[in-house]
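Please read the structure below before turning to the comments.
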Amino acid sequence: MRVRPTLSWTPTGDLPPGTTDLAPVADALSTGGVLVLSGAGISTESGIPDYRGVDGSLNRHTPMTYQDFTASARARRRYWARSHLGWRTFGRARPNAGHRAVAALGRHGLLSGVITQNVDGLHQAAGSEGVVELHGSLARVVCLSCGALGPRSELARRLEEANTGFEPVAAGINPDGDADLTDEQVGDFSVVPCAACGGVLKPDVVFFGETVPPPRVEHCRRLVRKASSLLVLGSSLTVMSGLRFVRQAADEGKPVLIVNRDPTRGDRHALTRVALPLGAALTTVAGRLGVPVDSPAPERAGS
């Protein structure tokens with residue numbers, strides 16, 4: 001029997017209210033050593049929707065689970081058709097002011113690291129270094145048989161060749177790069193195998209229902225232990241993959257600060273939750289600290 005992974009969380013009435021006061025965030029950053037944990041909300045201003053909230057993609061879309069992907073060739077066909085179309089838009093997304101502010105704060109030595117739950121690569125495109133991709137990256141593909149890794153751009157080329165004329169119009173795009181297509185639009189889309197062994201290819205991301213590799217989790221736990229405080233940006237913290245680091249920081253007596261427009265599952269552990277748009281909020285904080293936020297980044301290579 002298929003067990004649906006936890007995708008939603010209902011706020012309770014005893015959570016502290018959000019604020020518009022950015023002073024605690026600026027104060028924490030001014031002392032340095034801040035670890036950033038980002039979620040889908042930081043990429044919405046780049047045209048990539050988040051999962052939750054009023055306009056979140058979960059209101060219309062159920063993400064592919066690892067169990068469905070590995071068990072069904074039909075599910076893989078549906079996934080790759082939708083993901084192939086979505087990649088055309090997803091791969092062209094550019095960093096926004098929030099990503100650029102995080103990169104600028106890092107260059108000025110105020111951050112101890114960046115952990116992102118996102119798979120879009122926009123932190124790196126903005127100039128952040130040493131980013132831990134908690135859930136992997138859509139820019140890579142892995143073979144489930146031989147473990148070979150390859151660039152998504154090469155797979156996109158092979159899928160284009162195998163599916164000439166595949167030009168459906170999607171109803172929307174989701175945070176995992178999956179476009180909204182009907183079964184009729186998917187049609188008989190051709191999935192290509194691993195070029196090395198003929199095995200099943202999967203994006204190098206952690207699907208819902210799949211676990212984050214333990215070494216990656218432990219690396220993140222070490223980053224939390226070394227940080228002076230934890231700054232959460234654009235995550236509802238609904239799933240444990242991110243929430244556990246908030247709980248760890250709180251248990252270790254380190255300030256947790258959250259910038260997210262809606263309540264989060266970590267609010268009760270936080271010193272404050274700032275309910276402001278991320279791009280404007282982070283640019284304002286950077287300005288208060290005398291950190292210039294660079295102009296928009298150029299188009300990404302290979303997009």
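In what follows, residues are counted from 1 in the order of the sequence shown.
Heavy-atom contacts from other residues, nucleotides or ligands closer than 6.0 Å to CD of E160 number more than 12.
Cluster membership for V232 and V217, using ILVMFWY side-chain heavy atoms within less than 4.5 angstrom, is shared. Grouping the Ile, Leu, Val, Met, Phe, Trp and Tyr side chains by contacts below 4.5 angstrom, directly or via other members, places Y66 with V200.
With S128 contributing its side chain and V131 its backbone, the two residues share no donor-acceptor pair below 3.5 Å. No donor-acceptor distance shorter than 3.5 angstrom exists from the side chain of H108 to the backbone of V291, with no hydrogens or angles considered. D204 contributes no side-chain N or O that, together with a main-chain N or O of S137, makes up a donor-acceptor pair within less than 3.5 Å. Using a distance-only test at 3.5 Å, with no hydrogens or angles considered, no donor-acceptor pair links the side chain of H84 to the main chain of A81. Looking at E45, its side chain never comes within 3.5 Å of a backbone N or O of A97 through a donor-acceptor pair. Checked by atom type and distance alone, the side chain of N163 never pairs as donor or acceptor with a backbone atom of F189 at under 3.5 Å. Looking at T284, its side chain does come within 3.5 Å of a backbone N or O of A280 through a donor-acceptor pair.
Note on E210 versus K202: salt bridge recorded, some NZ/NE/NH1/NH2 to OD/OE distance being below 4.0 Å. Contact check on E161 versus R157 returns a salt bridge, with a Lys/Arg side-chain nitrogen under 4.0 Å from an Asp/Glu carboxylate oxygen. A salt bridge is defined here as a Lys NZ or Arg NE, NH1 or NH2 lying under 4.0 Å from an Asp or Glu carboxylate O, and R225 with E218 meets this definition.
Looking at S38 and T116, their side chains do bring a donor and an acceptor atom within 3.5 Å of each other.
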Applying side chain to side chain contact (heavy atoms under 4.5 Å, CB included) to L223 and I115, what does each step give before you reach the verdict?
CA-CA 9 Å; L223 290 176; I115 301 170; 4.1 Å; yes

